[in-house]
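Just so you know, these numbers come straight off a predicted model, no measurement behind them.
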Amino acid sequence: MGLYDAYLATRHRLHDAEPPPHVALVLTERDLLADGAFDTLSSAIGWAFEYGAERVTVSVSVLDRAVAPTLVRELRRLDAPAETVVRGPDDGSPEQGSPDAPTEAGDSAGEAADAPVRILVGLGGKAEFAGAVRELASDVAAGEIPPEAIDETDVAERLLFPEEPDLVIKTGAERLSDFAIWQSVYAELYFTDVNWRDFRRREYLRAVLDYQDRQRRFGR
């Protein structure tokens with residue numbers, strides 16, 4: 001750790017405010033094409049846990065769905081510091097029988113949500129929300145829940161990963177994908193001009209310190 005990084009780490013440690021318990025990283029397929037991109041991701045997940053996070057969610061937006069299976073395969077080989085579940089656009093649950101599939105978290109959405117590290121490839125918030133609505137509609141049709149009884153909890157429970165991130169970090173530009181449009185409505189957003197290939201410990205610490213300096217309002 002360099003001197004400047006140590007300075008930032010000390011500021012973080014002495015700060016009165018708590019660090020974000022749930023951190024989300026928003027990437028693109030182009031971010032992961034750079035040399036060392038997967039090593040950077042592994043390091044970033046490690047920094048998150050080192051500096052107080054209990055969960056990390058990674059969203060990888062893709063323009064070409066044909067590259068999603070390759071990204072999913074490589075991400076399932078990621079040297080992550082905690083149990084990890086990777087989901088692609090065509091598999092609502094981890095691949096059964098795949099040597100690269102995460103066996104620790106099982107194959108249900110509820111079990112996957114318990115994994116400390118969750119990685120979504122090409123799974124946008126709009127599609128996730130539409131899936132929750134379809135499931136609710138099916139439950140209503142089956143008489144399992146009356147329409148007038150549906151509330152936000154019913155929607156949240158049917159999302160792929162229902163937990164809300166506290167801090168969302170996006171590198172390279174002040175522009176988000178439709179990642180977690182339901183879950184991140186009250187999250188703190190942090191944009192950095194640094195591209196993913198140049199993302200280092202100091203950039204992560206700057207994001208955490210920025211979060212700690214904010215007064216969260218949760219929509220109020």
Working for side chain to side chain contact (heavy atoms under 4.5 Å, CB included), residues Asp35 and Arg197: CA-CA 7 Å; Asp35 290 341; Arg197 64 176 179 270; over 6 Å; no
Apply side chain to side chain contact (heavy atoms under 4.5 Å, CB included) to Thr171 and Asp198, showing your working. CA-CA 9 Å; Thr171 63; Asp198 300 316; over 6 Å; no
What do the steps show when you test Thr57 against Arg55 for side chain to side chain contact (heavy atoms under 4.5 Å, CB included), and what is the final call? CA-CA 7 Å; Thr57 298; Arg55 288 190 184 277; 5.6 Å; no
Please evaluate residues Thr84 and Ile45 with respect to the criterion side chain to side chain contact (heavy atoms under 4.5 Å, CB included), reporting the C-alpha separation (whole Å), side-chain torsions for both, the decisive distance (0.1 Å), and the verdict. CA-CA 11 Å; Thr84 301; Ile45 294 172; 6.0 Å; no
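Of the possible donor and acceptor atoms, one in the side chain of Asp31 sits under 3.5 Å from a partner among the backbone N and O of Thr28. In terms of modelled atom types and a separation under 3.5 Å, the side chain of Arg65 and the main chain of Gly122 share no donor-acceptor contact. Checking side-chain atoms of Arg158 against main-chain N and O of Asp154 turns up a donor-acceptor pair under 3.5 Å. Side-chain atoms of Gln212 come within 3.5 Å of backbone atoms of Ala17 as a donor-acceptor pair (strictly under, hydrogens ignored). In terms of modelled atom types and a separation under 3.5 Å, the side chain of Asp139 and the main chain of Ala142 share no donor-acceptor contact. In this structure a side-chain-to-backbone donor-acceptor pair under 3.5 Å is present from Ser43 to Asp39. Remark: side-chain polar atoms of Ser184 are not paired, donor with acceptor, to backbone N or O of Trp182 under 3.5 angstrom. Using modelled atom types, one side-chain atom of Thr10 and one backbone atom of Ala6 make a donor-acceptor pair closer than 3.5 Å.
Note on Leu33: it does not cluster hydrophobically with Trp196, by side-chain heavy-atom contacts below 4.5 Å among ILVMFWY residues. No chain of hydrophobic side-chain contacts below 4.5 Å, direct or via other Ile, Leu, Val, Met, Phe, Trp or Tyr residues, connects Leu8 to Val194.
Tested against Gln183, the residues Glu164, Glu128, His22 include a single side-chain hydrogen bond (donor to acceptor under 3.5 Å, both in side chains) partner, Glu128.
Separating the CG atom in Leu32 from the CG atom in Leu27 is a distance of 5.5 Å, to the nearest 0.5 Å. The distance from atom CG of Leu71 to atom CD of Glu29, rounded to the nearest 0.5 Å, is 7.0 Å. Note that the CD atom of Glu188 and the CG atom of Asp213 stand 11.0 Å from one another [nearest 0.5 Å]. Distance check, rounded to the nearest 0.5 Å: CG of Leu205 to OH of Tyr4 gives 9.0 Å. Between atom CG of residue Asp5 and atom CZ of residue Arg202 there is a gap of 4.5 Å, rounded to the nearest 0.5 Å. Between the CZ atom of Arg76 and the CD1 atom of Ile119 there is a distance of 10.0 Å, given to the nearest 0.5 Å.
Within 6.0 Å of atom CZ in Arg30, 12 or fewer heavy atoms from other residues, nucleotides or ligands are found, so the atom counts as exposed in its surroundings. Summarising the local packing, CD of Glu18 is surrounded by 12 or fewer heavy atoms from other residues, nucleotides or ligands at distances under 6.0 Å.
Residues Thr40 and Arg200 meet the side-chain proximity criterion, which asks for heavy atoms closer than 4.5 Å.
Using bins of under 30°, 30° to 60° and over 60° for the plane-to-plane angle, the ring pair Trp47/Phe199 lands in the tilted bin.
For Arg206 and Glu203, the salt-bridge test passes: some basic side-chain N is under 4.0 Å from an acidic carboxylate O.
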